[in-house]
Amino acid sequence: QGQLVESGGGLVQPGGSLRLSCAASGMIFSRYVMGWYRQAPGKERELVATATSGGSTNYADSVRGRFTISRDNAKNTVYLQMDSLKPEDTAVYYCNAKITLLREYHYWGQGTQVTVSS
């Protein structure tokens, strides 16, 4: 059974930086599209960024230019480097792994809290 474990969240001041990590296990990591989602109180979960095994990335407009998703297939780990953080980035951030085998299968991490506040 595939498992995802996020780490790296915390409290940071506006303009600061954090790097989130997501370690995958029990899966052939390179076969999955990896993504980061976030959910703020009272809001729906939104896709932040995705990265394919081959290095193709996509970003939500709200984070493009500030966040960078990357993955290390040898380490079975995906990262989210978050720079120039804003209070509106405050949310629980979730790691996601997606594979399509007749239908889509999703694995989710437990989430890590990111709070941007002065």
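The structure displayed is predicted, hence computed values, not measured ones.
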Is it possible for you to check whether R66 lies under 6.0 Å from the centre of the six-membered ring of Y59, through NZ or CZ, and within 45° of that ring's axis?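 Judged by the rule (NZ or CZ under 6.0 Å from the ring centre, within 45° of its axis), R66 is not positioned above Y59.
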
Reported [atom1]-to-[atom2] distance for the pair [X] and [Y], which is rounded to 0.5 angstrom:
X: N96; Y: M34; atom1: CG; atom2: CE; answer: 7.0 Å
X: L20; Y: Q81; atom1: CG; atom2: CD; answer: 9.0 Å
X: Y105; Y: T100; atom1: OH; atom2: OG1; answer: 10.0 Å
X: S53; Y: N73; atom1: OG; atom2: CG; answer: 4.0 Å
X: Q3; Y: Q110; atom1: CD; atom2: CD; answer: 10.0 Å
X: T115; Y: D89; atom1: OG1; atom2: CG; answer: 11.0 Å

Side-chain contact, heavy-atom cut-off 4.5 Å: Q39 with E46?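 Side chain of Q39 against side chain of E46, heavy atoms only: no contact under 4.5 Å found.
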
Is a salt bridge present between R64 and D61, judged by a nitrogen-to-oxygen distance below 4.0 Å?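 Counted as a salt bridge, because a side-chain N and a carboxylate O are separated by less than 4.0 Å.
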
Where is the tightest heavy-atom contact between [X] and [Y], given as atom of each residue plus distance?
X: A97; Y: Y32; answer: CB-CD2, 3.7 Å
X: V48; Y: Y93; answer: CG2-CE2, 4.3 Å
X: R71; Y: A51; answer: NH1-O, 2.9 Å

Pair D83-S17, side-chain donor/acceptor within less than 3.5 Å: yes

Who passes ring pair (Phe, Tyr, Trp, His ring centres under 6.0 Å) against Y37, sequence neighbours left out? W108

Derivation and outcome, side-chain contact (heavy atoms from CB on, under 4.5 Å), residues D72 and S70: CA-CA 7 Å; D72 187 334; S70 61; over 6 Å; no

Could you check L80, L85, L11 and say which one makes a side chain to side chain contact (heavy atoms under 4.5 Å, CB included) with L18?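 Among L80, L85, L11, the one meeting side chain to side chain contact (heavy atoms under 4.5 Å, CB included) with L18 is L85.
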
